[in-house]
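Okay, so here's the structure we're looking at.
We number each residue from 1, following the sequence as shown.
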Amino acid sequence: SRMVVRGFCQAMVYAFLAVVVLLALDFRRVHAVLLALLPLGLGFLLLQLLVWVANVRYNYANIAAFPVLMGYGVSFGVNMVQRWMEDPSKTAFVAAATIGKGVVLSASTALAGLGSIVLARHRGVSTFGFLLLGSITLCLLLATLVLPVVIDLIHQRRGTHHQ
């Protein structure tokens, strides 16, 4: 069991590093990479709080939610940052109003399916659904509500336009 957990953790680290490299190649700006990773990072931290509050224990069935969390969290952040970078002279909430609708619709379809998994009788499957439902919701809220605020605060503080 320790080998499985160790292997899973190593795979997650390698996958995360691959994502960071791909983001760096795409954005070519450190601040854009960090902004795109913000919903994932904060979402993961808030998920740990949610897990603690709900008294959920990690197991082999529900730990598989982390790669899915990484995919959604990065996807939401990348979409928002890419859209904002198309015209950084405007507030990031313009990006949130346009691409945010697509991000919300995409997340809604996943959340609808995961809602049924939460109701499963098998505890491992149920907590898998719970973790995904909670983490995707958190990443969605962070990408559409918090990320634009952070972008605008940084943009205003620097007083420059980034392209």
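Residues F76 and L141 fall into different hydrophobic clusters, defined by Ile, Leu, Val, Met, Phe, Trp and Tyr side chains chained together at heavy-atom separations under 4.5 Å. Hydrophobic clustering places F93 together with L153 (ILVMFWY residues linked when any side-chain heavy atoms are closer than 4.5 Å, directly or through intermediates). Under the 4.5 Å side-chain heavy-atom criterion for ILVMFWY residues, a single connected hydrophobic cluster contains both I154 and W84. Side-chain heavy atoms closer than 4.5 Å link hydrophobic residues (I, L, V, M, F, W, Y) into clusters, and following such links, even through other members, never connects L34 to V74. Residues V150 and V94 do not share a hydrophobic cluster, defined by chaining ILVMFWY side chains whose heavy atoms lie under 4.5 Å apart.
Applying the side-chain hydrogen bond (donor to acceptor under 3.5 Å, both in side chains) criterion to T91, with sequence neighbours excluded, gives D152. Scanning for side chain to side chain contact (heavy atoms under 4.5 Å, CB included) contacts around S135 gives L47, L69, L132, with sequence neighbours left out. Partners of T98 according to the side-chain hydrogen bond (donor to acceptor under 3.5 Å, both in side chains) rule, which considers only residues two or more places apart in sequence or in another chain, are R83.
Here the straight-line distance linking atom CG of L142 with atom CG of L40 works out to 10.0 Å at 0.5 Å rounding. One finds the CG atom of L42 at 10.0 Å from the CG atom of L138 (value rounded to the nearest 0.5 Å). Note that CE of M85 and NE2 of H31 are 5.5 Å apart. Values are rounded to the nearest 0.5 Å. The CG atom of L133 sits 4.5 Å away from atom OG1 of T137, with the distance rounded to the nearest 0.5 Å. The OG1 atom of T144 lies 6.5 Å from the CE atom of M80; values are rounded to the nearest 0.5 Å. To the nearest 0.5 Å, atom CG of residue L147 and atom SG of residue C139 are 11.0 Å apart.
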Table please: side-chain donor-acceptor pairs of residues 20-28 below 3.5 Å, with sequence neighbours left out.
from : atom 1 : to  : atom 2 : distance (Å)
D26  : OD1    : Q82 : NE2    : 3.4
D26  : OD2    : Q82 : NE2    : 2.5
R28  : NE     : L25 : O      : 3.1

Could you give the side-chain donor-acceptor pairs of residues 107-119 under 3.5 Å, partners two or more places apart or in another chain?
from : atom 1 : to   : atom 2 : distance (Å)
S108 : OG     : V104 : O      : 2.7
T109 : OG1    : S106 : O      : 2.7
S116 : OG     : G113 : O      : 2.7

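Legend: side-chain hydrogen bond (donor to acceptor under 3.5 Å, both in side chains) pairs involving residues 48-57, not counting sequence neighbours, sorted by first then second residue: Q48-Y58.
A tilted orientation is assigned to the rings of F66 and F8, their planes being inclined by 30° to 60°.
Within the 4.5 Å cutoff, side-chain heavy atoms of M12 are placed close to those of P67.
Nearest heavy atom pair, residue A143 against residue P148, reads O-CD, 3.3 Å. Of all heavy-atom pairs between A92 and I151, the closest is CB-CG2, 3.6 Å. Closest approach of G77 to P39, counting heavy atoms only: CA-CG, 3.9 Å.
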